[in-house]
Structures are given as structure tokens and as C-alpha cells.
Amino acid sequence: MSPILYYGVPSGCSFGAIVALEWSGQPYRLARVNMPDDMQTDAFAAINPVRETPALATARGDVLAESIAILNHIGALPGALEAGLAFAQGTREFDQLNRMLAFLNTTFFNSFASLWWLLEHESDDDTRCVLTEYGRARAVRAHQELERMLGDKPWLLGQRRTLADAYFIGIARWTKYHSVVDRRDYPNLQRLFDQLEADPAVSFAHAIEQQRPATSTGRFEGEIGIAESLAARRGA
């Protein structure tokens with residue numbers, strides 16, 4: 001059975017896993033998870049009891065949760081090493097990739113946490129002011145650090161795109177929801193963002209999220225419903 005990626009909309013961080021699967025050249029399917037409603041269902045809890053996206057039902061029947069675990073699984077698929085998306089464990093390049101993925105997950109991703117909370121919850125003016133300033137400081141610092149780490153390299157790790165670039169683009173687009181950071185203040189990140197936005201796999205992921213006609217440059221085998229995916233896995 002082909003892997004099934006359970007991706008969250010709107011604008012989930014699972015966007016990066018869609019891009020990575022497209023780049024990998026391996027067959028896969030997608031299951032759409034409307035956040036937060038679908039995550040509260042018993043069907044999705046049977047996939048990921050933590051009730052978060054993304055989740056990946058692998059070809060061998062396991063279910064993985066958490067973006068870094070999923071991306072590293074994709075990186076180990078046949079062809080991903082040859083494509084330069086990931087590297088053999090134990091190499092310096094593998095360590096550098098893991099370090100970058102960890103930074104994107106713990107610092108870059110989390111810099112938006114308080115800002116998302118404000119968008120999703122009602123709060124009084126004092127709370128809103130405090131959390132906005134807290135989020136602004138964290139987001140600015142994260143962008144400054146990532147700008148420095150990227151420098152003039154074409155991709156986050158150097159001359160070739162990797163899983164880190166796929167994960168970056170799914171998070172970097174969140175600035176459109178918040179007015180605390182202007183990416184144009186970080187020209188290296190803006191350059192990388194624009195380069196990725198022009199990538200066919202990124203265009204495909206946007207179209208999938210927005211339910212527009214989508215042209216895969218990978219081996220996308222179509223969408224499947226959550227309940228249908230459970231039945232397919234039981235029958236595999």
C-alpha cells in the first residue's frame with residue numbers, strides 16, 4: 001500500500017511533507033484533515049491519538065506522527081538520498097540536516113505559537129498586547145537567526161534543496177497571518193521563499209490545500225477520506 005499523508009488545512013505545517021513527497025518521486029496518497037473539527041473525531045484519533053497533523057501511514061502499515069519523524073522517514077525512501085533530499089545517518093551532512101530541521105521545528109515554528117493563539121481565541125486588550133509583543137520578539141529573533149544561517153547559500157544546507165527547505169516553506173508562509181514580521185527585512189530568506197514559491201511541487205501543494213486543479217510532478221496517487229483510509233489499511 002502506498003503511504004498516506006494526513007495533512008491539515010488551513011495552512012498546516014504538513015504542507016512541507018507534501019512538498020517533500022513530491023520531490024521524493026515515490027508514490028503516495030493524501031487524506032485531508034479539516035482543522036480542528038476532523039481532528040476531534042474518533043476516526044482521526046484511531047490514526048493519531050494526539051489528534052494533531054501531520055500523520056503518515058507508511059507503506060509497511062505503521063503510523064508516524066510529528067513533522068520531523070515524517071520528514072526523516074521520507075528522506076529514507078528509495079531515491080531520496082540520491083536526490084540529495086536527505087543524507088546517510090552518521091555523516092556530517094545528516095547531522096547538519098537534523099540540526100536545521102530541529103531549529104525550524106523548535107525555534108522557527110514555535111515563534112508563531114502565541115500569535116496563532118491570539119488568532120484562535122478571544123482575549124482582553126492586555127493579554128493581546130503582551131502576547132503580540134512576546135510573539136513579535138520571538139518571530140524577529142527566529143528570522144534573524146535563520147537569515148544568518150542561510151547567508152548567501154542557494155538553499156538552507158548549501159547547493160541542493162533538502163527536506164529542510166520543504167519544511168521551511170510550509171512555515172514561512174505564516175507571516176501572511178501576522179503583522180509582526182516583514183520578510184522583506186530579511187533578503188536571504190525572501191530570496192529562498194520566492195525560489196520555493198516558484199517550485200512546481202510547492203505550487204501543487206498550494207493547489208491541493210485550496211482544492212484547485214493540481215498537477216503533480218511526483219507520483220501522487222490521489223486523495224482518500226479518513227474513514228476510507230482506515231478501511232484500506234485494515235484490508236491491506
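On a predicted model such as this, the values are computed, not experimentally measured, just so you know. Basis for what follows: all heavy atoms, side chains included, without hydrogens, waters or symmetry-related copies.
At distances below 3.5 Å, at least one donor-acceptor pair connects side-chain atoms of Asn110 with backbone N or O atoms of Thr106. Proximity of a side-chain donor or acceptor of Arg51 to a complementary backbone N or O of Pro36 within less than 3.5 Å is not detected. Side chain of Glu82 to main chain of Gly79: a donor-acceptor pair is present (N/O by atom type, distance under 3.5 Å, no hydrogens or angles). Between the side chain of Ser14 and the backbone N or O of Ala17 there is no donor-acceptor pair closer than 3.5 Å. Put simply, the side chain of Ser114 gets close to the backbone of Leu131: a donor and an acceptor are under 3.5 Å apart. Looking at Arg183, its side chain never comes within 3.5 Å of a backbone N or O of Gln190 through a donor-acceptor pair. Checked by atom type and distance alone, the side chain of Glu221 never pairs as donor or acceptor with a backbone atom of Ser2 at under 3.5 Å. Listed for the Asn48 side chain is a donor-acceptor partner under 3.5 Å among the backbone atoms of Glu52. Looking at Thr132, its side chain never comes within 3.5 Å of a backbone N or O of Cys129 through a donor-acceptor pair. Checked by atom type and distance alone, the side chain of Trp174 pairs as donor or acceptor with a backbone atom of Ser11 at under 3.5 Å.
The CG atom of Leu156 sits 4.5 Å away from the CG atom of Asp165 when rounded to the nearest 0.5 Å. Note: Ile68 CD1 to Cys13 SG = 8.5 Å, rounded to the nearest 0.5 Å. The CG atom of Leu119 lies 5.0 Å from the NE2 atom of His178; values are rounded to the nearest 0.5 Å. Between Leu146 atom CG and Leu189 atom CG the span is 5.0 Å, to the nearest 0.5 Å. Annotation: the span from Ile18 atom CD1 to Ile169 atom CD1 amounts to 13.0 Å, rounded to 0.5 Å.
More than 12 non-hydrogen atoms from other residues, nucleotides or ligands lie less than 6.0 angstrom from CZ of Arg212. Dense packing is recorded around CD of Gln96, with more than 12 heavy atoms of other residues, nucleotides or ligands lying under 6.0 Å away. The environment of CZ in Arg191 is crowded: more than 12 heavy-atom neighbours from other residues, nucleotides or ligands sit within 6.0 Å. A 6.0 Å sphere centred on CZ of Phe94 holds more than 12 heavy atoms belonging to other residues, nucleotides or ligands. Under a cut-off of 6.0 angstrom, the local environment of CD in Glu120 is crowded, with over 12 non-hydrogen atoms contributed by other residues, nucleotides or ligands. Glu197 CD: more than 12 foreign heavy atoms inside a 6.0 Å radius. Surrounding CD of Gln210 are more than 12 heavy atoms belonging to other residues, nucleotides or ligands, all under 6.0 Å away.
Asp199 and Arg161 are joined by a salt bridge, as a carboxylate oxygen and a charged side-chain nitrogen come within less than 4.0 angstrom of each other.
With a 6.0 Å cutoff to the six-membered ring centre and a 45° limit on the axis angle, Arg32 does not count as a cation-pi contact of Tyr7.
You'll find the side chain of Gln144 reaches within 4.5 Å of the side chain of Val140, heavy atoms only. Side-chain contact between Trp117 and Ser123 is present, with heavy atoms from C-beta onward closer than 4.5 Å. Side-chain contact between Val130 and Asp126 is absent, with no heavy-atom pair separated by less than 4.5 Å. Looking at Glu22 and Thr217, their side chains come closer than 4.5 Å, going by heavy atoms from C-beta outward. Within the 4.5 Å cutoff, side-chain heavy atoms of His143 are placed close to those of Thr175. Here the side chains of His121 and Arg128 are not in contact, with every heavy-atom distance at 4.5 Å or above. Contact of the Asn98 side chain with the Phe87 side chain is not registered, since no non-hydrogen atoms from C-beta on lie closer than 4.5 Å. Within the 4.5 Å cutoff, the side chain of Trp23 has no heavy atoms near those of the Leu163 side chain.
Across Gln195 and Pro154, no two heavy atoms sit closer than the pair NE2-O, 3.0 Å. Of all heavy-atom pairs between Ala166 and Ala20, the closest is CB-N, 4.0 Å. When every heavy atom of Val33 is checked against every heavy atom of Ile226, the shortest pair comes out as CG2-CD1, 4.1 Å. Nearest heavy-atom pair, Ile4 versus Ser229, reported as atom, atom and distance to 0.1 Å: CD1-CB, 3.9 Å. Here the shortest heavy-atom pairing between His73 and Leu56 reads CD2-CD2, 3.5 Å. In terms of heavy-atom proximity, Glu145 sits nearest to Phe103 at CB-CZ, 3.7 Å.
A ring-centre distance under 6.0 Å is found for Phe168 and Phe108. The ring of Tyr177 has its center no closer than 6.0 angstrom to the ring center of Phe112.
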Run the numbers on Asp38 and Thr53 for side chain to side chain contact (heavy atoms under 4.5 Å, CB included), then give the verdict.
CA-CA 10 Å; Asp38 287 348; Thr53 59; over 6 Å; no
Can you check side chain to side chain donor-acceptor pair (under 3.5 Å) on Asp124 and Thr127, steps first, answer last?
CA-CA 5 Å; Asp124 58 57; Thr127 299; 3.0 Å; yes
Derivation and outcome, side chain to side chain contact (heavy atoms under 4.5 Å, CB included), residues Asn188 and Lys153:
CA-CA 8 Å; Asn188 293 323; Lys153 299 189 299 294; over 6 Å; no
Determine, step by step, whether Tyr186 and Val181 satisfy the side chain to side chain contact (heavy atoms under 4.5 Å, CB included) criterion, reporting the C-alpha distance in whole Å, the side-chain angles of both residues, the deciding distance to 0.1 Å, and the verdict.
CA-CA 10 Å; Tyr186 309 94; Val181 175; 3.9 Å; yes
Under the criterion side chain to side chain contact (heavy atoms under 4.5 Å, CB included), I'd like the reasoning laid out for Met1 against Arg29: C-alpha separation, chi angles, the key distance, then a yes or no.
CA-CA 10 Å; Met1 185 178 71; Arg29 290 181 288 177; 3.2 Å; yes
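The cluster map of Ile, Leu, Val, Met, Phe, Trp and Tyr, joined by side-chain heavy atoms under 4.5 Å apart, puts Leu230 and Val63 in the same cluster. Both Tyr167 and Trp155 are members of a single hydrophobic cluster when ILVMFWY side chains are connected at heavy-atom separations under 4.5 Å. Linking ILVMFWY residues whenever their side-chain heavy atoms come closer than 4.5 Å, directly or via other members, places Phe193 and Phe109 in the same cluster.
Ring-plane geometry between Tyr28 and Phe204 is classed as perpendicular, the angle between the planes exceeding 60 degrees on a 0 to 90 degree scale with a lower cut at 30.
Just one residue in the list Leu21, Leu101, Asn105, Leu104 forms a side chain to side chain contact (heavy atoms under 4.5 Å, CB included) with Leu71, and that residue is Leu101.
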